[in-house]
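Here's the structure we're looking at; comments come further down.
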Amino acid sequence: METIKAVKGTRDLLPPETERWNLVESVTREVFRTYNFQEIRTPIFEKTELFARGVGADTDIVAKEMYTWEDQSRGGDNVAAGRQSLTLRPENTAGVVRAYIEHRLWERGLNKFYYIGPQFRRERPQKGRYRQFFQIGAEVIGPPPSGSESPARDAELLELLASLLDRLGIQQWRLELNSIGCPADRARYDQVLRQALQPVAANLCADCQRRAQTNPLRVFDCKVPADQAIIETLPRISQFLDEPCRKHFDEVREILASVGVPYTLNDRLVRGLDYYTRTAFEFTHGALGAQNAILGGGRYDGLSEALGGPQAPGIGFAIGEDRLVMSLGQSAATDGAKLDVYIAPLGTGMNKEAARLARELRRHNLVVEVGEESFRLKKSLETASKQGARYALIAGENELSTGVFALKKLASGEQRSVSRDRLLAEIQG
RNA sequence: GUGGGAGUAGCUCAACCGGCAGAGCACCGGACUGUGGCUCCGGACGUUGCGGGUUCGAUUCCCGUCUCCCACCCCA
């Protein structure tokens, strides 16, 4: 029979790799906690319309990378009977903002959420890119007087990220920062940019010629060397920021400077959608191949309204957890659970005694593995040392009758006879 | 979706010009009946990704297909 394999672009995370994921997640949760962020969990599937509106119907994500299906509804499922289109979430911001609106969370003032979970995009897999991938993200959102609109929030989020990467031991991260202004700025800029592109577009690569028509901002993403000289001459969004946007950006930068978070201005860093505003950023890492962006984020002051909610400025980011774990390399030496004791039952009926011993020891938080009474002692000891156990506890018929157990320290080979009631103290000491 | 590379034992990889599919590691057993690491000996290991074609004969050549890797598009 043909065996079933994981579907394209998905993968199993096996030990010991899962230890590294757990390390990343526990450090992350701890960092979020100290910045007073709280976890939010939204469904992994939503109505397709949410992403069409929340991510943008014209984006590649929505146009061709979503796992979407028609779900049969019998009525009462929050829709009339009939079919509704559902989609596995390709990102988590839209879901969070949907929940924000649905539960009227603006009544709580400023919300600082984080999430950790799987996302789904139907892309061609490659290094650091999977069809089920994991993101760690955060969203700061609230009604205008709550402070969510403040440049202090942008700076706090960026400083949090710098701390997180530092604490994970990621050495060569680089923060690239830009402001893309407000929609009005971008509308003016878009016009100017299109005009500037018109005379030179013919000299650019085919992709750029297409972008010049469809989404001029994307020209700045071009990596073709020959195009760079021309691109360098194009006007930049930074020249079109209105006074409030300029002040906002200056303030973000001043706070970053005062807390000592290094950054690089990159006025080619852009975002395509209308509700993206002001601060845009990416953290990159050298050792990730073409997928060098380890996380990205920015301000989305217009998103809530785009989804039919009240005015609610927000800023957020999403970390590609797969890439984050990858860039950890061997720097994070994670030792798996070290065995404290391997119990070697020896002889018929000794499984019962071994189970009693294991239960007692585990009750005191010792990490215990138990062999099998049919194993030869040689095999049990071999397994014990292979698994890195500190002690082997031999539970044979002799021990059971005398009440004195053989406790062997595997590193030194030293073996002692220990009475049953002193076992715990001996192992813990 | 597009382009390139690769799929052989659990893992890492060999196998000349088309001629009996191999090694190291890991696994299991023995030397050694209740004492691990070292050593020695032995064992199991495979529809060579899958399907078709050429051939007396295909891991090898051809076609298709699937998966992975790298890159493009795009993005985290």
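Only this structure's heavy atoms are used, side chains among them; waters, hydrogens and symmetry mates stay out. Per chain, numbering begins at 1; letters A, B, ... match sequence-line order.
Closest contact between the side chain of A:K378 and the listed nucleotides B:rC32, B:rG29, B:rC75 involves B:rC32. For A:K8, counting side-chain heavy atoms from C-beta on, the closest listed nucleotide (B:rC75, B:rC68, B:rG36) is B:rC68. Residue A:L346 places its side chain closer to B:rG34 than to any other of B:rU35, B:rG34, B:rG29. Nearest to the side-chain atoms of A:R218 among the listed nucleotides B:rA71, B:rC74, B:rU35 stands B:rC74. Minimum atom distance to the side chain of A:N398 is reached by B:rG34, of the listed B:rC69, B:rG34, B:rC72.
The nearest whole Å value for the distance from the NZ atom in A:K5 to the P atom in B:rG10 is 13 Å. Protein atom CG of A:L328 is 21 Å distant from nucleotide atom P of B:rA76, rounded to whole Å. Atom P of nucleotide B:rC75 and atom CD of A:E321 are separated by 22 Å, given to the nearest angstrom. Computed from coordinates, the A:D12 CG to B:rG10 P distance equals 17 Å when rounded to whole Å.
Within the 4.0 angstrom heavy-atom criterion, base atoms lie near A:E397. Nucleic acid contact for A:A395: none, since no nucleic acid atom lies under 4.0 Å from a heavy atom of the residue. Across all strands, A:R376 comes closer than 4.0 Å only to sugar-phosphate atoms, never to a base (heavy-atom distances). A:G9 comes within 4.0 angstrom of sugar-phosphate atoms only, judged by non-hydrogen atoms across all strands, and of no base. Using a 4.0 Å heavy-atom criterion, one finds that A:F133 contacts the bases of the nucleic acid, with or without backbone contacts as well. A:D322 comes within contact range of no nucleotide atom at all, as no heavy-atom separation falls under 4.0 Å. Among the heavy atoms of the strands, none lies under 4.0 Å from A:E91. At a threshold of 4.0 angstrom between heavy atoms, the contacts of A:K386 are confined to the sugar-phosphate backbone, with no base atom among them. If you check every strand for non-hydrogen atoms under 4.0 Å, A:G413 touches a base.
Using the Watson-Crick or G-U wobble rule with both distances under 3.5 Å, B:rG1 pairs with B:rC72. With a cut-off of 3.5 Å on both pairing distances, the Watson-Crick or G-U wobble partner of B:rC25 is B:rG10. B:rU55 is unpaired under the criterion used here, namely a Watson-Crick or G-U wobble arrangement in which both key atom distances are under 3.5 Å. In this structure, B:rC40 forms a base pair with B:rG30, meeting either the Watson-Crick or the G-U wobble geometry with both donor-acceptor distances under 3.5 Å.
Look at A:E232 and A:R268 and you find a salt bridge, because one of the NZ, NE, NH1 or NH2 atoms lies within 4.0 Å of a carboxylate O, short of that distance. Salt bridge A:R98/A:E49: absent, no basic N to carboxylate O contact under 4.0 Å. With respect to A:E17 and A:R20, no salt bridge is recorded, no charged nitrogen being found less than 4.0 Å from a carboxylate O.
The aromatic rings of A:F32 and A:F317 sit parallel, their planes meeting at an angle under 30°, below the 60° perpendicular limit. In this structure, A:F240 and A:Y189 have tilted ring planes: the angle between them lies in the 30° to 60° band.
Spacing of C1' atoms, B:rU8 relative to B:rG4, comes out at 22 Å, to the nearest Å. For B:rC61 and B:rG19, the P atoms lie 11 Å apart once the distance is rounded to whole Å. Look at the P atom in both B:rU47 and B:rU59: the space between them is 13 Å, to the nearest Å. For the C1' atom pair drawn from B:rA14 and B:rG7, the interatomic distance equals 15 Å after rounding to whole Å. Using atom C1' as the reference point in both B:rG46 and B:rC17, the two lie 26 Å apart (nearest Å). A distance of about 10 Å separates the P atoms of B:rA58 and B:rA21, rounded to the whole Å. Going from the P atom of B:rU12 to that of B:rG49 covers 14 Å, rounded to whole Å. Of the C1' atoms belonging to B:rA15 and B:rC68, the separation is 23 Å, rounded to the nearest Å.
A donor-acceptor contact under 3.5 angstrom links the side chains of A:S374 and A:E372, judged on distance only. At a cut-off of 3.5 Å, with distance as the only test, a side-chain donor of A:T279 or A:D154 sits close to an acceptor on the other residue.
A sub-4.0 Å separation between OP1 or OP2 of B:rG1 and a side-chain N or O of A:K64 is absent. The side chain of A:K127 contributes an N or O atom lying less than 4.0 Å from OP1 or OP2 of B:rC70. Proximity of A:Q126 to the phosphate of B:rA71: a side-chain N or O atom is located under 4.0 Å from OP1 or OP2.
Nearest-nucleotide assignment on RNA chain B puts the 5′-proximal partner with A:E382, out of A:G297 and A:E382. Between A:A406 and A:A6, it is A:A406 whose nearest contact on RNA chain B lies nearer the 5' terminus.
Each of A:N111, A:N92, A:T93 was checked for a side-chain hydrogen bond (donor to acceptor under 3.5 Å, both in side chains) with A:E139, and the lone residue meeting it is A:T93.
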